[in-house]
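Taking it in order: structure first as structure tokens, then the write-up.
Please read these numbers as outputs of a predicted model, since none were measured by experiment.
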Amino acid sequence: MPAMVGAIKINEVSGSAVFNIGDVYHIGPRSTSKTFAGAGSFNTGDNLQVNNGYSITHTVDPDIIDNSNIGNTG
């Protein structure tokens with residue numbers, strides 16, 4: 001089924017990002033990463049008003065492998 005796309009705004013597409021408009025069969029990541037950030041760190045958009053109280057970000061992670069992209073080489 002065809003996709004109906006309205007107005008879009010693209011600020012940036014980074015090196016390993018995927019940007020698609022319309023129909024797609026399969027999109028898979030070619031890289032993975034882990035990011036730690038506090039409350040309200042990744043809010044995007046125009047005219048934001050963010051009100052955060054006390055925020056703690058725990059960065060201790062004993063896992064060896066969190067994100068695997070095995071099989072996403074296509």
Side-chain angles (χ1 to χ4, degrees):
M1 172 181 268
M4 300 298 290
V5 179
I8 61 171
K9 178 181 177 182
I10 303 170
N11 291 328
E12 180 180 349
V13 178
S14 64
S16 63
V18 175
F19 177 76
N20 181 69
I21 295 178
D23 300 334
V24 65
Y25 175 72
H26 175 77
I27 295 177
R30 294 191 184 242
S31 67
T32 58
S33 64
K34 180 183 290 187
T35 303
F36 297 103
S41 296
F42 297 114
N43 293 318
T44 59
D46 298 328
N47 302 316
L48 287 176
Q49 183 179 24
V50 180
N51 299 311
N52 294 319
Y54 185 69
S55 174
I56 296 175
T57 302
H58 298 283
T59 59
V60 176
D61 187 10
D63 298 341
I64 302 298
I65 298 174
D66 289 325
N67 298 319
S68 173
N69 61 358
I70 297 172
N72 291 335
T73 59

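- The salt bridge (Lys or Arg N to Asp or Glu O under 4.0 Å) pairs that include a residue from residues 47-57 number zero, where partners must be two or more places apart or lie in different chains.
- Sequence neighbours left out, not one pair with a member in residues 49-60 passes salt bridge (Lys or Arg N to Asp or Glu O under 4.0 Å).
- Partners of Asn52 by side-chain contact (heavy atoms from CB on, under 4.5 Å), not counting sequence neighbours, listed by chain and number: Ala39, Val50.
- Residues Ile8 and Val13 are members of one and the same hydrophobic cluster, defined by side-chain heavy-atom contacts under 4.5 angstrom among Ile, Leu, Val, Met, Phe, Trp and Tyr.
- Residues satisfying the side-chain hydrogen bond (donor to acceptor under 3.5 Å, both in side chains) test with Asp46, not counting sequence neighbours, are Lys9.
- In this structure Ile56 satisfies the side-chain contact (heavy atoms from CB on, under 4.5 Å) test together with Tyr54, His58, sequence neighbours excluded.
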